[in-house]
Number of protein chains: 2
Amino acid sequence: MPTLQDVAREAGVSKMTVSNVLNGRRDRVSPATIARVMEVVGRLGYVPNATARSLSARRSNIVALAFPGCDSGGVESLMNPHDSVFLGVVESHVTKAGLYLMAHSVTSVESTADSLRSWNVDGAIFLGTRADEVAALQAAYDAPMVFIDNHGTSPHISNVGIEDRLGGHLAGRRLIEAGHRRIGFVGPRFDEPGVVRERHAGFVQALAEAGLELRPEHVVRCNASFDAAVAVAQQVLAAPQRPTAVFATADIIAAGLLKGFARAGCPVPDEMSIIGFDDLEVARHVTPEITTLHQDIPGKARAAVEVLLAQLAQWPAVRSERRVLGVSLVERGSVGPPPASVR
Amino acid sequence: MPTLQDVAREAGVSKMTVSNVLNGRRDRVSPATIARVMEVVGRLGYVPNATARSLSARRSNIVALAFPGCDSGGVESLMNPHDSVFLGVVESHVTKAGLYLMAHSVTSVESTADSLRSWNVDGAIFLGTRADEVAALQAAYDAPMVFIDNHGTSPHISNVGIEDRLGGHLAGRRLIEAGHRRIGFVGPRFDEPGVVRERHAGFVQALAEAGLELRPEHVVRCNASFDAAVAVAQQVLAAPQRPTAVFATADIIAAGLLKGFARAGCPVPDEMSIIGFDDLEVARHVTPEITTLHQDIPGKARAAVEVLLAQLAQWPAVRSERRVLGVSLVERGSVGPPPASVR
DNA sequence: CTGAAAGCGCTTACAG
DNA sequence: CTGAAAGCGCTTACAG
């Protein structure tokens, strides 16, 4: 494998000249020399050694994408479409920018920080981190970091997210407009700040604006898993004063509910309406197709890379930046009027 | 950021002793020294510099996972569940082994090879490479490589795959057993060796064993995309001597067909049977749930990492290895007898 | 426009 | 059991 030295010797110049040519500092080299060097580079098939470059330049050209590791339930990471699509789009933009992507599931903040430091990673994008983890991460490693869907209040973190609260609000309003008065909520817990909490808040507000309240017995806990949602459909149906519509905080939950309701002989949208969130493919796979709040995942990924690259360029004089992408209601077939029996 | 030197100075030993302690060559160091070094390492929060280590050790501890880049159609990579689940599982095993994962979409063999060389990657796993690409890759970079689902004939490549042909055979047999005599095939093109070609071959063989033939007008080309499959359902229905059942080479196609048939007023499984392949989540999302051939994607990912690690250990005296995982029929609701009208 | 030298932070024979 | 020295392949001031 040829080295810089080999190229320099063959071209009859110094290593530093070759380095200058390769790194775009071409204003410092005569055209003739550039041509000669490039010819040799091509002929020898020279490829710069990235580890050597990182070591001496104190810049690795590596961007890390950290995502939640397999949770306690043993569910492997990247099983969910949101994270995997996000990763794919981030990879393409990172590569396009001439950088490299290290994929890293975070099992502990410490080990993640160690990896970043060890590779002297230029910057990192974090999926699904809690507020306390964010602080620990920032304290442990000094590089641009952008967080995704973080709803922490700290002004010192960069974030790319969406209008979760508005989404919840639109979901609630849509159901109310359809004539529903008893509306349920199905989603994961939201003790901590996060997208679920925001979506819930917006939803509750929409109800309040219509003089409605979200009754405690109409909120059902459910992880973002199809099977969990199928199972939980029973609970919704068994609730006192059964709701005639539910807002599910994720399409995968909405899809599971759809199946659960169907099995229980409660057809959607005739007897029960459902509205989802995310607009993942699953929303169109099922029948009826799910009315949901669209979010632009590729757009989020693109924005995340943009923000990170901008900060890389400014580093270390970074100003944190928050980007919030819009959401929009997409009408499909899972929302209808309340059943006649209750109208 | 403390360096090896700092630790050595603080512990009152040489750098090489610290290095020995950190790299597990502890038989060469006295227990007392080990303890002292470890204490300093902990106190200083020392983390080895991976780029320096890579450079001097000629071993990067990086494993690359290469997957197909966004195709000409502009479809982003990792949009498909198979690849993303595979990536997630590979990441977890690679990390568990103390290695790092570089995620890389391949747009050209050359640029991929350059990346591998540049980082001096220890080994790589390739998703979705064609036979000619395999050869080019192996020629361009000398390190253990394991390919996934490759059906090339070269004995010199390591591969982890599944019994695609058997799967196709089982699919055909299942449909025949249900009483079907006019059976269609829906899947991508298969001019080149690959999983689709194998599945098709097994399928055709099953038909032949039952004295049936796959009529050209009953094979419909369709990419592995839901929307494409929805559209293509018309073609299946419009075929002369319309088939009463179809084998789709991927669940996502099966799901699309399901919707397409339903829209056309041709209910599954009453008027039309469908059997899929992969056993992805989508097979259970839809109604009726799709009868399909199960493959163990996490198992494949685990096997791929195992094979790679074994070869890393033997390197450069590697023997190529082929692992083939089983498939199994999972009965659900999309296969029934032919409609009465044709019986 | 070009180069000689130092140095990035490790590991690897080699000695003792 | 421990260390001094060389070297991995680059980039970065600094000179000229």
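Order of the sequence lines sets the chain letters (A, B, ...), proteins ahead of strands, with each chain counted from 1.
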Spacing between A:L22 atom CG and D:dG9 atom C1', to the nearest angstrom
13 Å
Would you classify A:S54 as touching base, sugar-phosphate or nothing, given that sugar-phosphate means primed atoms plus P, OP1 and OP2, and contacts are heavy atoms under 4.0 Å?
nothing
Of A:P31 and B:V18, whose closest DNA chain C nucleotide lies nearer the 5' terminus?
A:P31
As an exercise, state the distance from CD of B:Q314 to CG of B:L309, rounded to the nearest 0.5 Å.
11.0 Å
Measuring to OP1 and OP2 of D:dC10, would you say a side-chain N or O of A:S19 lies under 4.0 angstrom away?
no
Ranges pairing with ranges for DNA chain C, where each run has three or more Watson-Crick or G-U pairs under 3.5 Å:
C:1-3 with D:14-16, C:5-12 with D:5-12, C:14-16 with D:1-3
Using atom CZ of B:R53 as one end and atom P of D:dG9 as the other, report the distance to the nearest whole Å.
18 Å
Among A:K300, A:H93, A:E91, which residue meets the side-chain contact (heavy atoms from CB on, under 4.5 Å) test with A:V305?
A:H93
What's the CZ-C1' distance between A:R36 and C:dT2, to the nearest Å?
11 Å
For DNA chain D, whose closest nucleotide is more 5', that of B:S14 or that of A:M1?
B:S14
Contact check, side chains of A:D149 and A:N159, non-hydrogen atoms, under 4.5 Å
no
To the nearest Å, give me how far apart CD1 (B:I34) and P (D:dC1) are.
9 Å
Please lay out, stage by stage, how A:S118 and A:D114 fare under the test side chain to side chain donor-acceptor pair (under 3.5 Å).
CA-CA 6 Å; A:S118 187; A:D114 284 355; over 6 Å; no
Atom pairs, protein N/O to nucleotides 6-8 of chain C N/O, distance under 3.5 Å:
{"unit_1": "C:dC8", "atom_1": "O3'", "unit_2": "A:R58", "atom_2": "NH2", "d": "3.0"}
{"unit_1": "C:dC8", "atom_1": "O2", "unit_2": "A:S56", "atom_2": "N", "d": "3.4"}

Atom CZ of B:R117 and atom C1' of D:dG9 are separated, to the nearest Å, by 14 Å
Taking the side chain as everything from C-beta on, heavy atoms only, tell me whether A:F67 gets closer than 4.5 Å to A:V106.
no
Geometric class of the B:F147/B:F126 ring pair [parallel <30°, tilted 30-60°, perpendicular >60°]:
parallel
Integer-rounded Å distance: C:dG9 P and A:W119 CH2:
15 Å
CD-OG1 distance between B:E133 and B:T112, expressed to the nearest 0.5 angstrom
8.5 Å
Please identify each residue that fulfils side-chain hydrogen bond (donor to acceptor under 3.5 Å, both in side chains) with A:D83, with sequence neighbours left out.
A:N80
Roughly how many Å is it from CG in B:N20 to P in C:dC10, rounded to a whole number?
14 Å
Just compare C:dG3, C:dC1, C:dC10 and give me whichever is closest to any side-chain atom of A:T33.
C:dC1
So which protein nitrogen or oxygen atoms get under 3.5 Å of nucleotides 13-16 of chain D's nitrogens or oxygens?
none

Chi angles and distances behind the salt bridge (Lys or Arg N to Asp or Glu O under 4.0 Å) call for B:E321, B:R319
CA-CA 6 Å; B:E321 183 175 349; B:R319 293 172 314 144; over 6 Å; no
Holding to side-chain hydrogen bond (donor to acceptor under 3.5 Å, both in side chains), I want the full list of residues that pass it with A:E192, two or more places apart in sequence or in another chain.
none
Considering just the side-chain nitrogens and oxygens of B:S30, establish if one lies under 4.0 Å of OP1 or OP2 belonging to D:dT2.
yes
So which pairs with a foot in residues 36-45 of chain B pass side chain to side chain donor-acceptor pair (under 3.5 Å), sequence neighbours left out?
B:E10-B:R43, B:E39-B:R43
Answer whether the closest heavy-atom distance between the side chains of B:L308 and B:P144 falls below 4.5 Å.
yes
note: B:R59, atom CZ; C:dC10, atom C1'; distance rounded to Å ~ 15 Å
